[in-house]
Amino acid sequence: MASPAGPEPGPLASLRAHRLVPVVAIRDADAVLGLAEALVAGGLPLIEITLRTEAAPEALRRASTVKNLVVVAGTVTTPDHVKLAVDCGAKMIVSPGLNTRVVEYCLAHDLPVVPGVCTPTEIETARNLGLKTLKFFPAEAYGGVRTLKALGDVYKDFSFVPTGGVNLQNLGDYLKLPIVLACGGSWMVPADAINDRRFGDVEKLARDAVALVETLALA
């Protein structure tokens, strides 16, 4: 996702390898270990915990103790959020919009950051900041695959991570686009399954998504 010149940071390499980002707004930190272990067991050792809930900081702390799991902080909207997320163990920062203060703070501290964009003007601003991997959000609300195809004609040197309305049914359409690095979504980590501790369901959803990605790679 968004990174300055130089070697691709670990979290970005993981995202490139798996092409999926489970996005969760967790409300009970006690559930995060079971959730994280289910994702790892399902072949998807990556989680984005959004800073939308009071439980998020503690959930980040606990998730960061799970072996081989890449922990990402999402919905990061201020430099103070960045500091909090990193203190809690996050290895990458994702924001819903292109907040230059957040991006500049991350770049100054060598933190991988993926800001959200949905217009050419925002993409140009990201270019000026030295970024080439961006979140496309909210994807479906802003035209989804059709919009990304149009952007891809102009911004071939960028990589995008569409999030917002992406699900198992349209995942393949997004991942087939050359400019799409990975897709983020909550369908792999549904709130009811987390709340009810149905982590077997999460593992199956992760496996199904991973299997689709593998099928597309062989096509």
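As the structure is a computational prediction, the values presented were derived from the model and not from experiment.
- Of all the heavy atoms in P115 and L131, the pair that sits closest is CG-CD1, 3.6 Å.
- Between D153 and K149 there is no salt bridge, since no side-chain nitrogen of the basic residue lies less than 4.0 Å from a carboxylate oxygen of the acidic one.
- I47 is not connected to L84 by any chain of hydrophobic side-chain contacts under 4.5 Å among Ile, Leu, Val, Met, Phe, Trp and Tyr, and they are in different clusters.
- Atom CG of L134 and atom SG of C118 lie 11.5 Å apart (nearest 0.5 Å).
- The number of heavy-atom neighbours closer than 6.0 Å to CZ of R52, taken from other residues, nucleotides and ligands shown, is 12 or below.
- Within a 6.0 Å radius of CZ in R27, other residues, nucleotides and ligands contribute 12 heavy atoms or fewer.
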Open item on the list: With side-chain contact (heavy atoms from CB on, under 4.5 Å) as the criterion, how do N170 and V145 come out once you've worked through the C-alpha distance, each side chain's angles and the decisive distance to 0.1 Å?
Closed with: CA-CA 9 Å; N170 60 21; V145 170; 6.0 Å; no
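- Atoms CZ and SG, on R19 and C183 in that order, are 7.5 Å from each other to the nearest 0.5 Å.
- By the criterion of side-chain heavy atoms lying less than 4.5 angstrom apart, applied directly or through intervening Ile, Leu, Val, Met, Phe, Trp or Tyr residues, L20 is not grouped with L205; the two fall into different hydrophobic clusters.
- Minimum heavy-atom separation, A63 to I49: CB-CD1, 4.0 Å.
- E48 approaches A73 most closely through the heavy-atom pair CG-C, 4.3 Å.
- Side-chain atoms of F160 and L181, non-hydrogen and from C-beta on, never get closer than 4.5 Å to each other.
- By the rule that hydrophobic residues join a cluster once side-chain heavy atoms approach within less than 4.5 Å of another member, F137 and Y155 end up as members of separate clusters.
- The same ILVMFWY cluster, assembled from side-chain heavy atoms under 4.5 Å apart, contains both Y105 and V86.
- Considering every non-hydrogen atom in both N99 and T77, the closest pair reads ND2-O, 2.9 Å.
- Between atom OG1 of residue T53 and atom CD of residue E58 there is a gap of 11.5 Å, rounded to the nearest 0.5 Å.
- Summarising the geometry, atom CG belonging to L171 is positioned 4.5 Å from atom CH2 belonging to W187; distances are rounded to the nearest 0.5 Å.
- A salt bridge between D80 and K83 is present, with a side-chain N of the basic residue lying under 4.0 Å from a carboxylate O of the acidic one.
- Side-chain contact between L148 and P162 is present, with heavy atoms from C-beta onward closer than 4.5 Å.
- Taking the side chain as every heavy atom from C-beta outward, L216 and K176 approach each other to under 4.5 Å.
- Closest of all the heavy-atom pairs between L33 and V66 is CD2-CG2, 3.7 Å.
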Task: Verdict with supporting geometry, V21 and T163, side-chain contact (heavy atoms from CB on, under 4.5 Å) - done: CA-CA 9 Å; V21 188; T163 307; over 6 Å; no
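- E122 and T119 share a donor-acceptor pair across their side chains, judged by distance under 3.5 Å alone.
- Inter-residue side-chain proximity for L44 and M188 is flagged as met; some heavy-atom pair is nearer than 4.5 Å.
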Open item on the list: One pair to check against side-chain contact (heavy atoms from CB on, under 4.5 Å): V70 and M92. What are the steps and the verdict?
Closed with: CA-CA 9 Å; V70 175; M92 185 165 69; 5.8 Å; no
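- The OG1 atom of T133 sits 11.5 Å away from the CD1 atom of I179 when rounded to the nearest 0.5 Å.
- Between the T215 side chain and the A211 main chain, a donor and an acceptor come within less than 3.5 Å of each other.
- Between F136 and V180, the closest side-chain pair of non-hydrogen atoms is not below 4.5 Å.
- I123 and L107 fall within a single hydrophobic cluster, where Ile, Leu, Val, Met, Phe, Trp and Tyr are joined by side-chain heavy atoms under 4.5 Å apart, directly or via other members.
- The ring pair (Phe, Tyr, Trp, His ring centres under 6.0 Å) check on Y142 picks up nothing, with sequence neighbours excluded.
- Of the options T50, V94, T75, a side chain to side chain contact (heavy atoms under 4.5 Å, CB included) to V23 is made by T50 and by none of the others.
- Nearest heavy-atom pair, V71 versus G89, reported as atom, atom and distance to 0.1 Å: CB-O, 4.3 Å.
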Task: Derivation and outcome, side-chain contact (heavy atoms from CB on, under 4.5 Å), residues E37 and E203 - done: CA-CA 9 Å; E37 289 165 359; E203 181 178 340; over 6 Å; no
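- The shortest distance between side-chain heavy atoms of P45 and H18 falls below 4.5 Å.
- Going from atom OG1 of T65 over to atom CG of L60 covers 11.5 Å, rounded to the nearest 0.5 Å.
- The only option from D28, D30, D192 that meets the salt bridge (Lys or Arg N to Asp or Glu O under 4.0 Å) definition with R197 turns out to be D28.
- Using a 4.5 Å cut-off on side-chain heavy atoms (C-beta onward), K204 and R207 make no contact.
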